[in-house]
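First up is the structure itself, then whatever we jot down about it.
Side-chain atoms are counted along with the backbone in the values below, which use heavy atoms only and exclude waters and symmetry mates.
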Amino acid sequence: MSAIEDRNECVRNILDSLYEKAVNANVVIDESSYKNSLEKLFSTTAWGFREILLVVIIGMRLDPDFKASTGLYSCNPRAIYEGPIKEFLIEKEIPHRKSGPLNVAKATVGLDMTWAAQRRPSDVATEVVKLVNYMETDGSDKETRINNVGISLFRRLITYSNNIEALSITIEPTSDPKFLFHLCYELITKAPDAGNTPQKIAAFLLKNYHIFLHTGVIVTGEDDRASVTSTTSKKPGDINEETPEGVISKVYEVTVKHFDLARIRDSYDCVSIYNDAKNENIHEIIVICRKEDCPSEMKPSGLHSYLGSYAYQDILYYFWDIYEWMSNMLQRMTNEGRMGFYLNLNSYIDDINTSENVKKLWKKLHEN
C-alpha cells in the first residue's frame with residue numbers, strides 16, 4: 001500500500017469514528033466553550049468555513065504537530081478534502097462543495113485574524129480562527145477538545161442534511177409552458193443563488209430542446225456552478241452548444257448581474273485563450289440577462305427579446321432578455337422536451353448540494 005493510500009485509510013478511519021460518535025445519542029459532550037462559534041458557521045451560505053474546519057480537525061488527528069494557524073497547507077488540504085473527505089461526505093449524503101475549503105483558504109499561510117479579515121463574511125471566518133485556537137491550545141485535554149469539536153461539527157452537518165432532505169418533493173411531469181415559465185421566473189427573481197439558478201435553467205432548456213428535437217447538438221455547462229470561471233472549466237462560456245465531435249458552435253453567458261465592461265473583458269480573454277488553444281474561430285457570444293444588466297455602451301436593437309449588441313475588439317456580444325428567451329424556448333420545445341426540462345430542474349433542486357433557499361422556494365411554488 002502506498003503512502004497516499006495509507007493516509008487516505010487513516011482519514012477514513014478518523015471520519016468513521018467521529019461520525020459514529022456523532023450519531024450515538026449516548027455520547028454526551030460539553031460544547032459550552034465553543035458552541036457559539038460553531039453555530040456561527042451554520043448561519044451562512046458560505047459552506048467552505050465548516051468544510052475547512054473539518055479539514056483542520058482531520059489534519060490535527062493525522063499529525064499532533066500540525067497547526068492550521070501557521071501552516072495550513074502542511075496537511076495537504078486539497079488532497080485530503082478532494083479525496084477521502086469528499087468521498088465520505090458523498091457517501092453519507094452530507095451537503096458539500098467541490099472545493100469549498102480550498103476556496104475560503106486560498107492564498108493564505110495560516111488561519112489567523114489576518115486571513116479572517118480578508119474573507120467574507122469576516123465575522124464567520126473569525127469564529128473559525130477561534131475554533132482553531134481552541135483546538136490548538138496545549139494541554140492534557142487537547143485531543144479530547146479536537147474530537148469534541150469534530151463530533152459537534154458532524155452532528156450539525158447531519159442535522160442540516162436531514163433538514164435539506166425534508167424539502168424534497170415529488171412532481172408530476174407537465175408540459176404546460178405557462179406553468180413552467182412561472183416556476184422559472186419565480187426561481188430567478190427570488191432565489192438566483194449567486195447566478196446558479198438562471199445558469200441551470202438555461203442549460204436544461206437548451207439541453208432538452210436539442211435532445212427531443214434530435215438535433216444532435218450537445219449542450220455543455222449544465223454541471224458547472226456559476227462560480228466556475230470559463231478559464232477553470234476550459235470552455236469559452238457558461239453554456240456551449242457543440243457538435244458530437246466537440247466543436248463549439250454557439251456560446252452563451254447567463255447572468256442576473258451587470259454585464260459591464262470588466263465582465264466583457266474577462267469573457268473576451270477566456271474566448272481568446274480558447275480560440276488560440278483549440279485553433280477555433282469563436283467571435284459571437286449570446287448573453288442571456290435582464291434588461292438592467294446590459295452595458296450602457298450597448299447598441300440598442302429597438303426590439304423586445306433581442307435587446308442589442310456590443311462589439312469588443314473582434315467579438316460581438318448579443319444581449320437577450322432572459323425572461324423573453326425562456327418563454328420563447330419553452331414555446332419552441334416539444335411536449336417531451338418540456339417534461340424533460342421539468343424533471344432535470346427538479347432533480348437539480350432535489351440534489352443535496354443545492355441551496356436551501358432554492359429548495360424552500362421550489363417546495364412553496366408547488367404547494368399553491
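- Connection of Val23 to Val27 is established within a shared hydrophobic cluster, with ILVMFWY side chains joined at heavy-atom distances below 4.5 Å, either directly or through further cluster members.
- For Asp112 (side chain) and Trp115 (main-chain N/O), a donor-acceptor pair under 3.5 Å exists by modelled atom type.
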Show every donor-acceptor pair shorter than 3.5 Å between a side-chain atom in residues 299-311 and any protein atom, with sequence neighbours excluded, or say none if there are none.
| from | atom 1 | to | atom 2 | distance (Å) |
| --- | --- | --- | --- | --- |
| Ser301 | OG | Leu303 | N | 3.0 |
| Ser301 | OG | Tyr306 | O | 2.3 |
| Ser301 | OG | Leu307 | O | 3.2 |

ask   = Given the rule in the side-chain contact (heavy atoms from CB on, under 4.5 Å) test, do Glu241 and Ile218 qualify, once you have shown the distances and angles that lead to the verdict?
value = CA-CA 6 Å; Glu241 291 177 329; Ile218 308 299; over 6 Å; no

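- Taking a cutoff of 4.0 Å between a charged side-chain nitrogen and a carboxylate oxygen, Asp266 and Arg263 do not qualify as a salt bridge.
- Side-chain contact between Leu72 and Val56: present, with at least one pair of heavy atoms (C-beta onward) separated by less than 4.5 Å.
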message = The test is side-chain contact (heavy atoms from CB on, under 4.5 Å); show your working for Ile285 and Tyr268 and say whether it passes.
response = CA-CA 9 Å; Ile285 308 291; Tyr268 176 84; over 6 Å; no

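- Of all heavy-atom pairs spanning Gly246 and Tyr274, the tightest one is O-OH, 4.4 Å.
- Formation of a donor-acceptor pair under 3.5 Å by the Ser327 side chain with backbone atoms of Glu324 is not found in this model.
- Remark: Asp16 engages Arg12 in a salt bridge, criterion side-chain N to carboxylate O under 4.0 Å.
- Judged by distance alone, the side chains of Thr334 and Tyr209 never bring a donor and an acceptor atom under 3.5 Å apart.
- With hydrogens and angles ignored, the 3.5 Å screen pairs no side-chain donor or acceptor of Ser37 with any backbone N or O of Lys130.
- Among all heavy-atom pairs drawn from Lys363 and Ile169, the shortest one is CG-CG2, 3.8 Å.
- The side-chain heavy atoms of Thr220 and Ile239, taken from C-beta on, include no pair separated by under 4.5 Å.
- Proximity of Leu54 to Tyr81: side-chain heavy atoms (C-beta onward) are nowhere separated by under 4.5 Å.
- Note that CZ of Arg155 is 7.5 Å distant from CD of Glu31, once rounded to the nearest 0.5 Å.
- For CZ of Phe42, the number of neighbouring non-hydrogen atoms (other residues, nucleotides, ligands) closer than 6.0 Å is greater than 12.
- A donor and an acceptor atom, one from each side chain of Glu284 and Tyr317, are nowhere located under 3.5 Å apart.
- Checking Asn357, Asn346, Thr354, Asp350 one by one against Trp362, the side-chain hydrogen bond (donor to acceptor under 3.5 Å, both in side chains) holds for a single residue, Asn346.
- In this structure, Arg50 satisfies the cation-pi test against Tyr160, with its NZ or CZ atom closer than 6.0 Å to the six-membered ring centre and inside 45 degrees of the ring normal.
- For the residue pair His210 / Asn208, no side-chain donor-acceptor distance below 3.5 Å is found, with atom types taken as modelled.
- Defined by atom type and a distance below 3.5 Å, a donor-acceptor pair is missing between the side-chain atoms of Arg145 and Tyr134.
- Note that OH of Tyr342 and OG of Ser347 are 11.5 Å apart. Values are rounded to the nearest 0.5 Å.
- A side-chain donor-acceptor contact under 3.5 Å links Asn275 to the backbone of Ile282.
- Taking Tyr19 as the reference, nothing meets the side chain to side chain donor-acceptor pair (under 3.5 Å) condition, with sequence neighbours excluded.
- Side chain of His96 to backbone of Leu89: no donor-acceptor contact under 3.5 angstrom is found.
- The stretch residues 52-69 participates, sequence neighbours left out, in these side-chain hydrogen bond (donor to acceptor under 3.5 Å, both in side chains) pairs: Arg61-Asn147, Ser69-Glu136.
- Cys294 has its side chain out of reach of Phe259: every pair of non-hydrogen atoms, C-beta onward, lies at least 4.5 Å apart.
- A donor-acceptor pair under 3.5 Å links the side-chain atoms of Ser168 to the main chain of Glu165, judged by distance alone.
- A donor-acceptor pair under 3.5 Å is absent between the side-chain atoms of Arg119 and the main chain of Ala125, judged by distance alone.
- For the atom pair Asn148 CG and Glu143 CD, the distance stands at 10.5 Å (nearest 0.5 Å).
- Salt bridge status for Lys86 with Glu82: absent, with no side-chain N to carboxylate O gap under 4.0 Å.
- Side-chain atoms of Ser17 and Lys21 form a donor-acceptor pair, as typed in the model, at a separation below 3.5 Å.
- With hydrogens and angles disregarded, no donor-acceptor distance shorter than 3.5 Å links the side chain of Ser161 to the backbone of Leu157.
- Screening Val254, Thr189, Leu187 for a side chain to side chain contact (heavy atoms under 4.5 Å, CB included) involving Pro198 leaves a single residue, Val254.
- No side-chain N or O of Thr174 forms a donor-acceptor pair with one of Asp176 less than 3.5 Å apart.
- Proximity of His182 to Glu186: side-chain heavy atoms (C-beta onward) are separated by under 4.5 Å at one or more points.
- Using a 4.5 Å heavy-atom threshold, the side chains of Val256 and Pro192 count as touching.
- Contact check for Trp320 versus Tyr318: side-chain heavy atoms found under the 4.5 Å cut-off.
- Linking Ile, Leu, Val, Met, Phe, Trp and Tyr whenever their side-chain heavy atoms come within less than 4.5 Å leaves Val129 and Val109 in two separate clusters.
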key: Residues Thr45, Ser355; criterion side-chain contact (heavy atoms from CB on, under 4.5 Å); working and verdict   = CA-CA 8 Å; Thr45 56; Ser355 165; 5.5 Å; no

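- Under the 4.5 Å side-chain criterion, counting only non-hydrogen atoms from C-beta, Met329 is in contact with Leu206.
- Under the 4.5 Å side-chain heavy-atom criterion for ILVMFWY residues, a single connected hydrophobic cluster contains both Phe179 and Ile201.
- Between Lys257 and Glu292 no salt bridge is recorded (no basic side-chain N to carboxylate O distance below 4.0 Å).
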message = Would Asn328 and Tyr323 count as a side-chain contact (heavy atoms from CB on, under 4.5 Å) here? Give the steps.
response = CA-CA 9 Å; Asn328 180 272; Tyr323 305 116; over 6 Å; no

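- Within the 3.5 Å criterion, the main-chain N or O of Leu330 finds a donor-acceptor partner in the side chain of Arg338.
- Distance CD/Glu127 to CG/Leu53: 11.5 Å, rounded to 0.5 Å.
- The distance from the CG atom of Asn163 to the CD1 atom of Ile158 is 12.0 Å, given to the nearest 0.5 Å.
- Remark: Ile80 CD1 to Ile14 CD1 distance equals 8.5 Å, nearest 0.5 Å.
- Follow the hydrophobic side-chain contacts under 4.5 Å out from Leu18 and you reach Ile29 in the same cluster.
- The heavy-atom pair separating Val251 from Gly237 by the smallest distance is CG1-CA, 3.6 Å.
- Taking the charged nitrogens against the carboxylate oxygens, Glu242 and Lys235 do have a contact shorter than 4.0 Å, which makes a salt bridge.
- Of the charged side-chain nitrogens involved, at least one lies within less than 4.0 Å of a carboxylate oxygen, so that Asp123 and Lys40 count as a salt-bridged pair.
- A salt bridge is defined here as a Lys NZ or Arg NE, NH1 or NH2 lying under 4.0 Å from an Asp or Glu carboxylate O, and Arg156 with Glu39 meets this definition.
- Of the possible polar contacts, none joining the Asp193 side chain to the Asn196 backbone as a donor-acceptor pair under 3.5 Å is found.
- Val247 and Val217 fall into different hydrophobic clusters, where Ile, Leu, Val, Met, Phe, Trp and Tyr are joined by side-chain heavy atoms under 4.5 Å apart, directly or via other members.
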